[in-house]
> 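One structure follows; several queries about it will come next.
Protein chains get the first letters and strands the later ones, always in sequence-line order, with residue 1 at the start of each.
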There are 2 protein chains.
Amino acid sequence: MTSPADLQQLLRGVALRVTRPRVAVLGAVHAHPHADTESIISAVREELPDASHQAVYDSLRVLTNAGLVRRIQPAGSVARYESRVGDNHHHVVCRSCGAVSDVDCAVGDAPCLTASDDHGFSIDEAEVVYWGLCPACSTAGSRP
Amino acid sequence: MTSPADLQQLLRGVALRVTRPRVAVLGAVHAHPHADTESIISAVREELPDASHQAVYDSLRVLTNAGLVRRIQPAGSVARYESRVGDNHHHVVCRSCGAVSDVDCAVGDAPCLTASDDHGFSIDEAEVVYWGLCPACSTAGSRP
DNA sequence: GCTCTTTTCCTGAACCAGTCAAGAAAACGA
DNA sequence: TCGTTTTCTTGACTGGTTCAGGAAAAGAGC
């Protein structure tokens, strides 16, 4: 896990005010990768029982804008957050239970940024989501 | 555009009952690629003024399940639908206005289904979303 | 330390895409 | 044409997320 001092360091590093809710939210994202907002609210409240859901939503937004956390939202899912940023990794998502795992980019660090025809778009990111079944759902489905 | 007869043919081809709302919804998806549900409801009502939004939602669901349309949902966007199915193409999404364009798979027909480490998942699809700015937003942003 | 200004947090309400439910209507095989 | 099954209509509702305004806290300057 990441220590409170490290978390504060991260916040100061991007010129954000250090507040207890923000430290707690950032810590929760580090401790629970791919957690949804509800889970993060719960985790934050173990430390700060009176934290409002709004503070968590606000913190997640500023942390995302500052690049300290990354927001992912696979189709049909609520928003999820992770602290691995800037390393261009992708995700596998289970169609059945929604579980998410990290997948390093197969093409190296600077990936698949090459669309065959970009229609004049200036592309800055290629996001890849692999869909399938996680080990648990896979075995559960194959023997009914 | 696709003729009503063709649309009915498509429905029968996947053993779905041919109803006026379904034909209208399927036609609207063919006529307006990447349209969201609201737009599809409007398009359907030009033809069937009394169609309920629920009929459109239901139709879109069965059409999607039958494989006649594909549902896409870039992060932060509402659901969008398109009629290009089965050819494994991807999408470019504008961060500013949300516009969507098709992009053929750069790696050929059967793509990027190879994750470096699949964590035991059985993967059946690789979805790629390119993020950037569309031509209009790109020029609008560069000269303020 | 102690103020002052600015940012952030809390309370509580609102929003909106999408879903649920029950009865009426339509599709289609016999 | 009839009867069964599916689909559509109406209307209420849900749940994640955002909006708004006042209270509290963070950090800069003294």
> What is the distance, rounded to the nearest whole Å, between atom CG of B:L60 and atom P of D:dT7?
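Rounded to whole Å, this separation is 14 Å.
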> Does B:R20 or B:Q54 map to a spot on DNA chain D nearer the 5' end, using the closest nucleotide for each?
B:R20
> Are A:T19 and C:dT7 close enough that a side-chain N or O sits under 4.0 Å from OP1 or OP2?
no
> Assuming nearest nucleotide by heavy-atom distance, tell me which of A:D58 and A:H53 is located more 5' along DNA chain C.
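Result: A:D58.
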> Mind calculating the distance between CG (B:L16) and P (D:dC8) to the nearest angstrom?
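So the two atoms are 10 Å apart, to the nearest Å.
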> Can you check the B:I41 CD1 to C:dC16 P distance for me, whole Å?
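One finds 14 Å between P of C:dC16 and CD1 of B:I41, rounded.
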> So that I can tick it off, tell me whether B:R22 and B:D58 are bridged by a salt bridge, with the cut-off set at under 4.0 angstrom between side-chain N and carboxylate O.
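No salt bridge links B:D58 with B:R22.
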> Without decimals, in angstroms, what is the distance between A:I40 CD1 and D:dG16 P?
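Computing the A:I40:CD1 to D:dG16:P distance gives 13 Å.
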> Please report the closest heavy-atom contact between B:V85 and B:V69, naming both atoms and the distance.
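Looks like CG1-C, 3.7 Å.
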> Are any of B:T37's side-chain N or O atoms less than 4.0 Å away from OP1 or OP2 of C:dG18?
yes
> Atom CG of A:L48 and atom P of C:dC9: how far apart are they, to the nearest Å?
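Computing the A:L48:CG to C:dC9:P distance gives 10 Å.
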> Nearest-Å distance, CG (A:D50) to P (C:dG12)?
13 Å
> Given B:H32 and B:H34, is the side chain to side chain donor-acceptor pair (under 3.5 Å) satisfied, shown in steps?
CA-CA 6 Å; B:H32 306 94; B:H34 311 134; over 6 Å; no
> It should be established whether A:Y57 places a side-chain nitrogen or oxygen under 4.0 Å from OP1 or OP2 of nucleotide D:dT17.
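Result: yes.
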> For A:H91 and A:E82, test the side chains for any donor-to-acceptor distance below 3.5 angstrom and give the result as yes or no.
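Indeed, the side chains of A:H91 and A:E82 share at least one donor-acceptor pair under 3.5 Å.
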> Check whether any side-chain N or O of B:R17 sits under 4.0 Å from OP1 or OP2 of D:dC8, and answer yes or no.
no
> Mind listing the closest non-hydrogen atom pair of B:A75 and B:W131 along with its distance?
O-CH2, 3.6 Å
> Looking at D:dG27, D:dG11, C:dC10, which one has an atom nearest to any side-chain atom of A:S52?
C:dC10
> Please report the distance, rounded to the nearest Å, between CG in A:L11 and C1' in C:dC9.
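Computing the A:L11:CG to C:dC9:C1' distance gives 15 Å.
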> For a quick check of understanding: with a heavy-atom distance under 4.0 Å over all strands, which category does A:D36 fall into, base, sugar-phosphate or nothing?
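The residue A:D36 makes no contact with any strand.
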> Report yes if a donor N or O on one partner sits less than 3.5 Å from an acceptor N or O on the other, where the partners are the side chain of B:R22 and the base of D:dT7; otherwise report no.
no
> Between the side-chain atoms of A:E38 and the base atoms of D:dG16, is any donor-acceptor pair under 3.5 Å?
no
> Using a cut-off of 4.0 Å on non-hydrogen atoms, how would the nucleic acid contact of B:V62 be classed: base, sugar-phosphate, or nothing?
nothing
